[in-house]
Peer 1: 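Have a look at the structure that comes next, please.
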Amino acid sequence: MLNVPPGAFPAPSSQQRVAAGGRAKVPLKPGRSLMDWIRLTKSGKDLTGLKGRLIEVTEDELAKHDKKEDCWICIRGLVYNVTPYMEYHPGGEDELMKAAGTDGTDLFDQVHRWVNYESMLKECLVGRMAFKPIAAPKDISSILSEEKKQVNGMVSEKNVPGASARDLTPSYDWFQTDGLITIVIYTKQKDMNAELVIVDCQDKRLRGEFILADHSYLIELDLDHAVREDLDVNIAEKVGKVEIILKKKDNVHWKVLGRPLESHNTFIKRTDRGLFYRKCKLVSKTEVTHDTKLFSLMLPKSTHLQVPTGQHVYLKQIIAGTEVVKPYTPILPSLTLDFKQPSCHDGAHIYLMIKIYSCGLFTQALDHLQIGDYISVSNPEGNFKKSQVQTSEDLFLLAAGTGFTPMVKLLNFALTEVSCLRTVKLIFFNKKEDDILWRNQLEELALKDKRFEVQFILSEPTKDWGGKQGKISLSLLSECVKRSRKDSKVLICICGPTLFTEQGVEYLRDLGYSQEEMHAFTA
Ligand code: FAD
Ligand code: NAP
């Protein structure tokens, strides 16, 4: 199903343009880039107008600061004076003004959940809402999404789940032998698989997150004793039982499993769970094209994580003292060599194909990482469901530039695991011939698997280009996207610059494809 509801892609206003971030952006004035903002925050200038004082802000006071030249916004109980940030906001002043003088938590979560505002706006902090929240933000929101939000975006009371909700709540237990600690999680969900279990154990801190539909169950403990780095995860798929097996460092009897941390044993909406990062080592960096590289990152031994098809992760780097976060879509190391080999699904590495922009803040910093350096990688996110492919007969993948990345795992999955698929066609838009990612591999794959076809379309070809040229358009799509049979079940996935995706979705609608027949990859 189309993951963006109708109307969620409003036509960009005349001042909007699309930049590489995946969301419509407005052209910023010279001197108003993210780097310029970071410099301003380091300049020592008083950005709140309060000379470094932090105050308690009442609702009435907050509401007074609702103008462009005097704009305060509350996010998760903290109030920021965003007036100096106005001109630096990539989404434009109007977007920021939507939350002026109010609690912008929900709006922020809808659009920028992954942006580290605490770091970006730390010099704009005015203080806390005077209102006293009862519980901590985010993770304590309840199981059944009927949270009662208050003006500061915090949940007023922990909803006590009713009997039926309690029945759904997973539980856990543990036991030990001389050398092992086994934690058993009863997820109460059939069809558990390795992609739904994310475990990290650093020093003595254990974190296990279990994805159960759109909810997340978490166990988070300071373990009683030290454990070895390598851990095992066993999943009994049919009964939904997961075992985390830890290896004791010392052969001692544990009296307790450990000290529960703040979010331990909580079962909440997945979107309310904060992102968790672990440090991964850069083990290789190879050229794909003149401006795009394949980065291979190694997960720590004590991490169990497999990024599902169609989902992305966030990378986090400190750039000039500020945390900057950007999304990237893990791929496979190759389309052809290891294709159909289970080994490429091993959870130990994450492969990312990343275009390095000459003026790009994040990708320039990434490109400067040396082999052996570490970078923080988040848990996966995204709303693509493999089941959408499992019932399709014709699969069309419309990709532009690095919008190809979600298509890599998708292609693998479609061609190896979906027997009802009759045709799989990738329509790949690029500017020039040397921008085409993995061209040889795609052509090789098309030769190997008769169901697969690839078509390259260039917007800036040279005279020698014998293939198709142009931009995404109604006529082009009506020519390239056709059902193999009159009533065949079709799925069309689309990914690229935001405007490309928006236009593609519109054209496909005009061609009569329904929302259920499309999936747009976005942040
Ligand atoms: P930026 O600093 O954002 O700049 C990129 C370019 O846009 C530069 O040329 C810059 O000058 C220009 N620009 C930026 N903002 C503006 C503005 N407001 N006005 C005018 N010009 C502007 N990319 C990949 O390469 N591989 C992936 O697998 C991948 N996966 C993604 C998954 C998702 C869900 C999303 C949303 C995006 C993904 N991206 C991916 C894009 C990625 O997140 C970054 O946006 C990209 O790497 C650029 O980051 P940057 O900081 O280097 O560039
Ligand atoms: P690019 O090289 O600039 O462009 C690739 C192709 O797309 C070109 O043919 C280009 O034609 C066309 N195109 C670009 N902008 C367009 C627009 N506004 N309307 C119609 N066609 C357009 O692409 P890129 O630099 O690799 O950028 C890839 C984009 O994909 C980034 O914005 C990235 O954020 C996004 N992405 C999103 C996800 C996700 O959401 N899951 C994953 C990966 C990448 P022109 O000659 O017309 O420019």
Side-chain angles (χ1 to χ4, degrees), residues 3-4 12 15-30 32-37 87-92 95 111-112 114-115 288-295 307 310-315 317 319 324-331 350-367 380-384 398-410 427-437 456-461 468-473 476 493-504 506-507 519-523:
N3 70 13
V4 183
Q15 55 146 198
Q16 276 184 323
R17 54 154 294 194
V18 168
R23 187 169 295 281
K25 296 185 176 187
V26 297
L28 297 170
K29 287 182 197 159
R32 295 293 181 269
S33 70
L34 178 54
M35 199 61 218
D36 295 311
W37 171 250
E87 292 192 338
Y88 297 81
H89 184 233
E95 207 50 41
V111 184
H112 296 310
W114 42 278
V115 171
V288 177
T289 64
H290 60 104
D291 60 8
T292 302
K293 293 184 181 171
L294 180 66
F295 291 78
V307 182
Q311 296 201 8
H312 51 270
V313 293
Y314 296 96
L315 299 188
Q317 299 184 91
I319 302 177
V324 185
V325 172
K326 292 262 163 134
Y328 294 95
T329 315
I331 60 165
I350 288 187
Y351 301 94
L352 297 167
M353 188 185 266
I354 298 182
K355 175 165 169 177
I356 312 295
Y357 292 88
S358 55
C359 306
L361 180 70
F362 200 86
T363 51
Q364 280 299 319
L366 259 186
D367 200 28
E381 273 206 347
N383 53 9
F384 180 77
L398 310 184
T402 56
F404 171 58
T405 51
M407 310 307 179
V408 173
K409 283 193 181 182
L410 194 43
I427 303 156
F428 196 0
F429 296 80
N430 283 282
K431 287 185 192 291
K432 298 183 163 58
E433 217 168 334
D434 64 2
D435 293 330
I436 302 175
L437 303 164
F456 301 114
I457 302 179
L458 299 184
S459 51
E460 294 175 16
K468 258 206 162 337
Q469 51 179 291
K471 288 167 181 286
I472 193 160
S473 66
L476 201 145
C493 296
I494 180 161
C495 187
T498 311
L499 256 184
F500 168 91
T501 306
E502 288 171 13
Q503 287 173 355
E506 280 307 315
Y507 294 141
H519 179 91
F521 288 96
T522 53

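These numbers were taken from a predicted model, which means no experiment stands behind them. Basis for what follows: all heavy atoms, side chains included, without hydrogens, waters or symmetry-related copies. Order of listing sets the numbers, starting from 1, for every ligand and every atom in it.
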Peer 1: Mind listing the closest non-hydrogen atom pair of Ile472 and Tyr507 along with its distance?
Peer 2: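 Closest pair (atom of Ile472, atom of Tyr507, distance): O-CE1, 3.6 Å.
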Peer 1: Quick one: does Lys431 get an N or O within less than 3.5 Å of an N or O on ligand 2?
Peer 2: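 Yes.
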Peer 1: Using a 4.0 Å cutoff against the non-hydrogen atoms of His312, which atoms of ligand 1 qualify?
Peer 2: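 The atoms of ligand 1 under 4.0 Å from a heavy atom of His312 are 34 (C).
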Peer 1: Within a strict 4.5 Å, meaning less than it, do heavy atoms of the Ile331 and Leu294 side chains meet?
Peer 2: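 Answer yes - side chains close enough.
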Peer 1: Taking C-beta and beyond as the side chain, do Lys355 and Thr363 meet within less than 4.5 Å on heavy atoms?
Peer 2: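 They are not in side-chain contact.
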Peer 1: Hey, is Thr522 one of the residues with a heavy atom under 4.0 angstrom from ligand 2?
Peer 2: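 Heavy atoms of Thr522 do come under 4.0 Å of ligand 2.
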Peer 1: Indicate, as side chain, backbone, both or neither, the part of Thr329 found under 4.0 angstrom from ligand 1 when only non-hydrogen atoms are considered.
Peer 2: both
Peer 1: Gln503 heavy atoms, cut-off 4.0 Å: which ligand 2 atoms fall inside?
Peer 2: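 Checking each atom against Gln503, I get 19 (N), 20 (C).
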Peer 1: Which atoms of ligand 2 are found less than 4.0 Å from any heavy atom of Gly496?
Peer 2: 29 (C), 30 (O), 35 (C)
Peer 1: Is the closest side-chain heavy-atom distance between Val307 and Lys409 below 4.5 Å?
Peer 2: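 They are in side-chain contact.
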Peer 1: Within ligand 2, which atoms have a heavy atom of Thr329 less than 4.0 Å away?
Peer 2: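 Within the 4.0 Å cut-off of Thr329, ligand 2 contributes 42 (C).
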Peer 1: Considering the heavy atoms of Thr405, write down every atom of ligand 2 situated less than 4.0 Å from one of them.
Peer 2: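 Ligand 2 atoms under the 4.0 Å threshold to Thr405: 42 (C), 43 (C).
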Peer 1: Determine, stepwise, if the pair Met407 / Phe521 fulfils side chain to side chain contact (heavy atoms under 4.5 Å, CB included).
Peer 2: CA-CA 10 Å; Met407 310 307 179; Phe521 288 96; 4.3 Å; yes
Peer 1: Short N/O distance, under 3.5 Å, between Phe521 and ligand 2?
Peer 2: yes
Peer 1: Would you please test Leu410 and Cys493 for side chain to side chain contact (heavy atoms under 4.5 Å, CB included) and show each step?
Peer 2: CA-CA 10 Å; Leu410 194 43; Cys493 296; 3.8 Å; yes
Peer 1: Considering both backbone and side-chain atoms of Lys355, is one of its nitrogen or oxygen atoms within less than 3.5 Å of a nitrogen or oxygen in ligand 2?
Peer 2: yes
Peer 1: For ligand 2, indicate whether the residue Cys495 contacts it via side chain, backbone, both or neither (heavy-atom separation under 4.0 Å).
Peer 2: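 The side chain, only.
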Peer 1: For ligand 2, which atoms have a heavy atom of Leu499 less than 4.0 angstrom away?
Peer 2: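 This gives 17 (C), 18 (N) as the contact atoms.
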Peer 1: Is there a side-chain contact between Leu352 and Leu366, using heavy atoms and a 4.5 Å cut-off?
Peer 2: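 They are not in contact (no side-chain heavy atoms under 4.5 Å apart), so the answer is no.
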Peer 1: Can you sort out the partners of Asp434 under salt bridge (charged side-chain N to carboxylate O under 4.0 Å, His left out), two or more places apart, ordered by chain and number?
Peer 2: none
Peer 1: Give the atom numbers and elements of ligand 2 that come within less than 4.0 Å of a heavy atom of Gly403.
Peer 2: 30 (O), 43 (C), 44 (C)
Peer 1: Between Thr522 and ligand 1, does any nitrogen or oxygen pair lie at a separation below 3.5 Å?
Peer 2: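 No - when backbone and side-chain N and O of Thr522 are compared with those of ligand 1, no distance drops under 3.5 Å.
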Peer 1: Evaluate the side-chain proximity of Phe362 to Ile319: yes if any heavy-atom separation is below 4.5 Å, no if none is.
Peer 2: yes
Peer 1: Kindly confirm or rule out an N or O of Tyr357 lying under 3.5 angstrom from an N or O of ligand 2.
Peer 2: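 Yes.
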Peer 1: Does Leu352 come within less than 4.0 Å of ligand 1, judged by its heavy atoms?
Peer 2: no
Peer 1: List every atom of ligand 1 that sits less than 4.0 Å from any heavy atom of Cys359, numbering the atoms from 1 in the order shown and giving each element.
Peer 2: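 Matching atoms, with element in brackets: 11 (O).
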Peer 1: Is Leu361 touching ligand 1 with its side chain, its backbone, both, or neither, if touching means heavy atoms under 4.0 Å apart?
Peer 2: both
Peer 1: On the 0 to 90° scale, with breaks at 30° and 60°, tag the Phe404-Phe428 ring pair as parallel, tilted or perpendicular.
Peer 2: parallel
Peer 1: Is Ile356 near ligand 1, meaning one of its heavy atoms is under 4.0 Å from it?
Peer 2: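 Ile356 does not count as a contact of ligand 1 under the 4.0 Å cut-off.
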Peer 1: Answer yes or no: does an N/O atom from His312 fall short of 3.5 Å to an N/O atom of ligand 2?
Peer 2: no
Peer 1: Considering only heavy atoms, which of Tyr328, Tyr314, Tyr357 lies nearest to atom 44 (C) of ligand 1?
Peer 2: Tyr328
Peer 1: Can you tell me which portion of Leu34 lies within the under-4.0 Å heavy-atom range of ligand 1? Options are side chain, backbone, both, or neither.
Peer 2: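 Neither; no heavy atom under 4.0 Å.
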Peer 1: Which of the numbered atoms in ligand 2 are under 4.0 angstrom from any heavy atom belonging to Lys471?
Peer 2: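 In order of numbering, the contacting atoms are 45 (P), 46 (O), 47 (O).
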Peer 1: Could an N or O of ligand 1 be found under 3.5 Å from any N or O of Gln364, whether backbone or side chain?
Peer 2: no
Peer 1: Purely on distance, is any nitrogen or oxygen of Phe362 under 3.5 Å from one on ligand 1?
Peer 2: yes
Peer 1: Heavy atom under 4.0 Å from ligand 2: found in Asn430's side chain, backbone, both, or neither?
Peer 2: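 Just the backbone.
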